[in-house]
6 protein chains.
Amino acid sequence: MLDRLLITGAAGGLGQMAREKLRPLAKTLRLSDIADMEPAKQGEEVVPCDLADAAAVRDLVAGCDGIIHFGGVSVEKPFGPILEANIIGVYNLYEAARAAGQPRIVFASSNHTIGYYTQDTYLTNDVPLRPDGLYGVSKCFGEAMASMYHDKFGQETAIVRIGSCFPEPKNHRMLSTWLSAGDFVSLINSIFAVPRLGCPIIWGVSDNDTKWWDNSAVAYLGWRPTDNSEVYRAKIDAAMAPPGRDAPDAVYQGGLFTAEPIHEE
Amino acid sequence: MLDRLLITGAAGGLGQMAREKLRPLAKTLRLSDIADMEPAKQGEEVVPCDLADAAAVRDLVAGCDGIIHFGGVSVEKPFGPILEANIIGVYNLYEAARAAGQPRIVFASSNHTIGYYTQDTYLTNDVPLRPDGLYGVSKCFGEAMASMYHDKFGQETAIVRIGSCFPEPKNHRMLSTWLSAGDFVSLINSIFAVPRLGCPIIWGVSDNDTKWWDNSAVAYLGWRPTDNSEVYRAKIDAAMAPPGRDAPDAVYQGGLFTAEPIHEE
Amino acid sequence: MLDRLLITGAAGGLGQMAREKLRPLAKTLRLSDIADMEPAKQGEEVVPCDLADAAAVRDLVAGCDGIIHFGGVSVEKPFGPILEANIIGVYNLYEAARAAGQPRIVFASSNHTIGYYTQDTYLTNDVPLRPDGLYGVSKCFGEAMASMYHDKFGQETAIVRIGSCFPEPKNHRMLSTWLSAGDFVSLINSIFAVPRLGCPIIWGVSDNDTKWWDNSAVAYLGWRPTDNSEVYRAKIDAAMAPPGRDAPDAVYQGGLFTAEPIHEE
Amino acid sequence: MLDRLLITGAAGGLGQMAREKLRPLAKTLRLSDIADMEPAKQGEEVVPCDLADAAAVRDLVAGCDGIIHFGGVSVEKPFGPILEANIIGVYNLYEAARAAGQPRIVFASSNHTIGYYTQDTYLTNDVPLRPDGLYGVSKCFGEAMASMYHDKFGQETAIVRIGSCFPEPKNHRMLSTWLSAGDFVSLINSIFAVPRLGCPIIWGVSDNDTKWWDNSAVAYLGWRPTDNSEVYRAKIDAAMAPPGRDAPDAVYQGGLFTAEPIHEE
Amino acid sequence: MLDRLLITGAAGGLGQMAREKLRPLAKTLRLSDIADMEPAKQGEEVVPCDLADAAAVRDLVAGCDGIIHFGGVSVEKPFGPILEANIIGVYNLYEAARAAGQPRIVFASSNHTIGYYTQDTYLTNDVPLRPDGLYGVSKCFGEAMASMYHDKFGQETAIVRIGSCFPEPKNHRMLSTWLSAGDFVSLINSIFAVPRLGCPIIWGVSDNDTKWWDNSAVAYLGWRPTDNSEVYRAKIDAAMAPPGRDAPDAVYQGGLFTAEPIHEE
Amino acid sequence: MLDRLLITGAAGGLGQMAREKLRPLAKTLRLSDIADMEPAKQGEEVVPCDLADAAAVRDLVAGCDGIIHFGGVSVEKPFGPILEANIIGVYNLYEAARAAGQPRIVFASSNHTIGYYTQDTYLTNDVPLRPDGLYGVSKCFGEAMASMYHDKFGQETAIVRIGSCFPEPKNHRMLSTWLSAGDFVSLINSIFAVPRLGCPIIWGVSDNDTKWWDNSAVAYLGWRPTDNSEVYRAKIDAAMAPPGRDAPDAVYQGGLFTAEPIHEE
C-alpha cells in the first residue's frame, strides 16, 4: 500500500473514476487538476495545479510515493495548450519526480501515438510510432521522456496506451479499444505490485474479442483483464450503423482523430 | 443482415452445413452446385451452375451482396477437374463479383496450401506457401487471385484456410485441425460484421488444445472460437491407434494428402 | 557441364539472350518456342512446341538434364492465353520433368508476383505474395507448383523472380529492377554449380545502388552480381522525366502493371 | 500406456511427486536414484544407480520404453558433482537409450539455462541461452546432447525447462515460475501421447497470470496448463515482503542463482 | 535541380558544410540561422530567422521547394532553449511547409534518439526510441511530427539520424558514427532524386568498417556511401587512448551524452 | 599491444598459424599445448600444459592479458578425451582467467555447434544450437560457459565459430566455410582493439561468395574480411567431383561430421 498517491487530471473522466476506484491503493490520495475538483473527502488531498508551472508541480509531487499522470490535454487541440500541458507539463513532472525520490509513475499515453496503423494490423508494443495528430505527437514526446528518465536515472514509468476508458463502449470502434473500469483498476494494482517495473509500454485495453494490440510482452506484470466489450455489441448495433468500410473509424486505429485538422489557436 | 447470400458448393458437406446454419445471415440464400441439391425451401434459391462456365457464373453472382465460395474440387484429383473448377472457376467467380459490385467473398482455402509444414511447427498466417498436391496448388492460385483483386479493385475476401470441418474430429490429426460447425458459423458472422474486412488469411480451426495455427494476426475480426476437439480424444483413442511417428499423418500438417500421387486423368 | 539444356521461350528476348550467352553451359542447347526461331546452329536443337500440349512437352523435355523455362506469356494478357501457357503449360512441364528424371529447372518467375509492395519496402524472399495482375497470379501458381514438386518428389527448381533483364535499364524504375545479361549468366552458372539446389526463390537483379530486394537468404548459391544500373542514371535522366510521386511506377514495385486492367479476350 | 517407465532422480522432490502421480502412465515404474528410495510397491521397480557409471546406466535403461530424467544435481554446486551427474551422467543416459531402442525421454532442463534474462522480458523457446551458473551450464550441455541425438539418430526428447515445481509457490518470484503438480502430470501425458514428439523445448510452467515464457511454439503438444499461482499471491504477500527492485530475485529470471558464486569443491 | 533550397542552421558546422557543398543542388540557396552568417554570395539568400517565431518561419519557407533543416539546438542544453528551437521551431517549420505546398524536407535527427542502445547492438531503423537526454527527446518529438505530417497530409521528410558529420572522425567512438562530407552530399542528392520519398528514417553514416546501424530498409533511395573511417584509425590511436570498457563512450551508442545531467537553465 | 598473449593448442594447425601471424600483437607470446611444440623463439614462452589439470592451467594463465584458446580436441572423438580437454579444460580455463584478472579470451568454437542446419539456410548468430556430434556438443558447453562467466563476472570472450581455417579451401564445402589466415589475423586484431567486447558470437569465415553465415550482428567489431574462396573454385573443380546432392557434405553445414558415429573409446 502506498502512502500518498498523486492523481493528476483528477477533474477529468479518467481522473474521477480513478479517484473513486483507487481509494484502497494508498493511505492518502492527492488529487490535482487545473479545473475545479470536488472537495477533499477523508483520506484525500485536493491540490489545484497548473502543470506548466514548474515550481507548483515540484510542490505537488513532493511527498508522493506514486503518481498517476492523467493531467494534460487529452483530445486534439491547437498546439498552444498541448505545448503547455503535454510538453512543458511532462518535463515539469519528471523533474519534480526526480527531486522527490522517483516515485513510480503511471503515464497515461494513448492509442493516438499509433493511430495511423490500420485496424487490420495487430500491434506489439515495440512498433514504430505513427501519431495521428498534435495530441498524439505530444504523447510520443511523453513516452520518449519516460524512456530517457528511466535509462538515465532509473525512474520507473508504466506507459499505458489507453484505448477508450468509459463505463461502456460507445461505438463500433470502441469494441476494439474499450478498457473497463475494473480492468483499469487491476492494471494499476499490477503496476504498483510488481517488484521491478522498468519502463514498459502497456496497451490499456480489456479482454475484448476484437483485438488490435498484443500485451504479451508485458505478461510479467501479471495483469489479466477480464472484461469483454462483446457484451455491448448488440446494444451498439441497435443504436447506430457501423462505419462504412472507408470511413476513418473503420480504417485507422486512431479513428476519427486521423481526420482532424491541425487546430487553429 | 445480407439481402442475398450466395453459397457455392452447396451440395457438399460444408455447403449443406452452411445451408442449414447460415439461414439467419441473409434474407435469401442462393444455393449453387454442379451436383444435385435439395429443392429450395422458404428463403432459398437453388441455382445449378458449372463454375467453369463464365456466363453462368456471372448470372449466378448477380444480385448477391455476399458470397461463400465452397464450390470446386476439395480433394486431390487429376489436374483436369481441378483446372476446370478451382482455376477457371475461381477466375470466373472474381470477374463475376467485379461485375456485380464486389460483394464480400468468403473463399474456402485449405490447410493443403501449407500441408508440407511439419506438425511441430506453429504457423502464422504469413508463412510461405507449401502446398501438398495439385489441390493445394489450386488453392494457392485462388489465394493469389483474391489478393490481386483486393489490391487492384478493392474486392474484399476472407481467405479461410479450413482445417477439418466435420461434426466431430475423426482421427488423431483432426484433434489439431477440427473446425466445429458452431465455430464456423461464428466465423462467418464475424467476417460479415466487421466494417472493413480487407483480404485476411484466417485459419479455420476451433479452439483445440492441440494447435498448429496462430490467428492472432486476424484478432481484429473479433472471432473467438469456443469448441475444443479435446472432448473427443478418448473416443478417437478408443476407435483407432494413433499414427506411427513417421506416418504422413503424424509428420505433416497436410497429413495423408502429402502421400497422394499426381492422379492420372 | 550439362549434356542437353532445354531453353523454352527461346524466341523471346530473354530466350535469345540465353541462347547466345549460355552456349558454354551444355554440350547441346535444345531451343523451343511456339513462335518462330532462328535455325539451329552447331550444338543446338530447335524444337517448336506448344506448352499446352502435354505430349509435346513430354517429348521436349525427354533427354534433357537441365531446363531454363522462359516459355509462356510474360506480360499482362487476357486469362485465356495465360491459362494455356502459364498454368497448363507449367503443369505439363513439371509432369514432363518428373518423367524425365527430374532435371534441375530454372523457373522464370517475376517481380509481378509481389508487384503491389510499395517501392519503399525492402523485401526478403519469404514475404507473402502480392501479384499485380493475371500474369502475376499465374507466376504465383508456377511458384506453388515448383514448391509442391520439390516437397513431394524432390524436384529442384530455382525460382528466379526476374526484375528487368534488358541490355540496359530503360526508365527510372528499372534502376531498381535491372538484371544485366552478365549477371543473368553468372546466376545460371551458380544455379547449376551448387551441389544441392533445393527450391529457392531468388531475386533476379543486379547489384544496383537502388535496391528493393534482399538475396541474403540465397547466399549459399554463391551468386554475386557485379553490374550496377547506376551507370545509366544520367542517360535516363536526360531521356525522360522521372515519374511523379503518385504515379504507379513510382509507388509500386510492379510499376505500370499495377495500373493494367483485366484484359478482355 | 507404457510398459516400463524409468524415473531417474526418484528420491528427490520431483521424483517423489512423479512416482506418486505418474503411476497410471505405465504398467511398471522403474525408480532410480543414487540416494535412498522407499521400497518398491506394486508395479514398481527400485534400482539404485550412479549416473556416472556407464554400465549401470545401460542396465538401468534396458527394457524401458519411456524415461523421465530428473536425476543429477539440481542446484548450484561445485563443478565436480555437476560434472559427474549432469555431464557424464547425461552422456551415459543417451548412450544407454540408444542401445535400448531409443525410448522417448523427458529431460528435466531448467530455467537456469536462461537465468540471466531479466524478468521484464518474455521469452520464446528459441532464445539464445544465458545460463546463470555451473548448474545452468550443465543443463545447456544436456539440451545440446538431446538435440544432437535427435538430429543424428532420431532420438526423441522433450526438453522441459522446469520453473518451480512445488505444491505451491513459495515466494514472489515463483508466482511467475510455478508449475503445479497437476500441470506437470498433464504435460507428461501430452508428451507421451503425441504421435511425433521431435525434440521440443517446453517451458514447464503453469497458467500463471505473471508470465515470462511463451509456449506457443509447442502448442502442437496439446498441453494446456490450468493452474494459476495467483491464488497464492495473498498468502505470499502476507508471509514476506517482496524483493526490492534491484534484488536478484526481482531482476533476473534465474533469481538468486544469479547471485551464487562458483562453489569451491 | 531545385529552384530554391532552404538550409536552416546555416551558421553551424553542418550548415556551413552544406552551404558549400550543396551549391549545385538548387538555383538558389536560402540560408537561415539565428546566429550571424557570412554574407550572401551569388545564388544565395541569407535570411536570419528565429525558429520559434511562427510568422518568420512561414516567410522563410515560402517559395522554397526543398528544405534542409539543421536549425535548432544540437547538443544537450537546458530545456528552455531546446523547447524554443527544437519543439516550437519544428512545429513552426511543418506548419510553414504545409502552407508552402509541402516542399520535401530533410530533417536532421540524431543518433541521440537511440543513444542508450549499447555499442554491441546492430540497429535497424525501426527499433524503439531510447533517447539519451533532453536533446534526444526533442529529436524524438521532431521525428513524430514528421511522421504525423506525412500520414495526415502527405508531407515527405527524410529523417536523417546523423552520426558525427565532421571532416574526419575525432575519437574512437566516431569510427562507428562518422559521416563524411562526401557521403552527406550524396545522401542529400539521393533524397531529392528519388521519385517518391515517403518518410524514411535514414542512418546518416559512412561506410565505416565498424557499424552499428543497418540502412538496408532504405536501400530504395539508392544511397551508397563510400567513405570509411578506418583510414583514420591509426591517427586516432596515436592521438589518444581508447575509452575504458566501462566508459560511457565505450558502452552506449550515444557516448558521452548518456552521462550528461539535466542542464539547469 | 598486449603484454603477454597466451595461445593454447599452439602445436595444432591453427595454433602454429597464430604463433607465426600474431607475433606483433603482444610483447610476449606464451605458447601452450599438451603435444610437442617447437622451442621458444625471441619473445616467446613455451609452456606445456594439460588443460584437464586445473592447477597447471591456473599457472599457465597467470600473468597473461589476452588468451586465444585453441586448445582441446578439434575433431569428433570418443567422449573421454572430449570430456577431459573440452569440458573440464574449459572450466579450468575460465576459473584460471577469473583468478588472473579476466584477460580477454578468444574461444575457438566451431560451426559444428550448428552443423545440422542445411546448407540452404542463412544463419544469424542467435539461432538455436544444432550440434552435429560430441565435439559439437562440447563446443556448445564452452559457449554456455563463456556466456555465464560474462553475465556473472563480466569476463569478456569472443566466441569465434571457426569455419575451415586452412591455407586454402580443400573441397567444395569449404568454398562456404573457408577462413583465410589473413582474415583470421584481422579478426583477432579487431577483437583486441574494440574498447568493449562483451561476449559476441562471431562467424569465423572469409568474404566468400558462397555464404551461410551472417555477421552483421557483430559489425560493431569493425572486422571486414577481404579474402574470397572463389579464387580456388576452379582448382577444386579440377581436383574432385562435387558431392552428390544428398551427400552429407552437400546437405548439412557441418558436412561429414554429421555422418560420424559416436566413437567408441
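The chains referred to below are lettered A, B, ... by the order of the sequence lines, with proteins before strands, and numbering in each begins at 1.
Counting only heavy atoms from C-beta outward, the side chains of E/Tyr94 and E/Phe107 approach each other to under 4.5 Å. Side-chain contact check for A/Ile114 versus A/Gln253: some heavy-atom pair is nearer than 4.5 Å. At a threshold of 4.5 Å between non-hydrogen side-chain atoms, the residues A/His172 and A/Pro243 count as touching.
Closest of all the heavy-atom pairs between A/Tyr116 and A/Pro131 is CD1-O, 3.3 Å. Taking each heavy atom of E/Asp132 and E/Gly254 in turn, the nearest pair found is OD2-CA, 3.3 Å.
The candidate with the highest count of non-hydrogen atom pairs below 4.5 Å against chain E, out of A/Val127, A/Leu129, A/Ile87, is A/Ile87. Ranked by heavy-atom pairs under 4.5 Å with chain A, the first of E/Glu260, E/Met148, E/Arg130 is E/Met148. In terms of non-hydrogen atom pairs under 4.5 Å with chain A, the most contact-rich of E/Thr113, E/Thr258, E/Ile262, E/Leu134 is E/Ile262.
Taking 4.5 Å as the heavy-atom cut-off, the residues of residues 149-159 of chain E that approach chain A are E/Tyr149, E/Asp151, E/Lys152, E/Phe153, ordered by number.
Using cut-offs of 30° and 60° for the angle between ring planes, the A/Phe184 and A/Phe70 rings count as tilted. Taking the six-membered ring where tryptophan is involved, the planes of E/His112 and E/Phe257 are essentially parallel, since the angle between them stays under 30° and well short of 60°.
Contact annotation for A/Ile88: both backbone and side-chain heavy atoms come within less than 4.5 Å of a heavy atom of chain E. Heavy atoms closer than 4.5 Å to chain E are found nowhere in A/Glu143, neither backbone nor side chain. At a 4.5 Å heavy-atom cutoff, E/Ile201 makes no contact with chain A through either its backbone or its side chain. Interface remark: E/Leu83 contributes side-chain atoms only to the contact with chain A (heavy atom separation under 4.5 Å).
Checked against side chain to side chain contact (heavy atoms under 4.5 Å, CB included), E/Val218 has the following partners two or more places apart in sequence or in another chain: E/Asn125, E/Pro200, E/Ile202, E/Asn215, E/Tyr220, E/Leu221.
Side-chain rings of A/Phe141 and E/Tyr91 stay apart, their centers remaining 6.0 Å or farther from each other.
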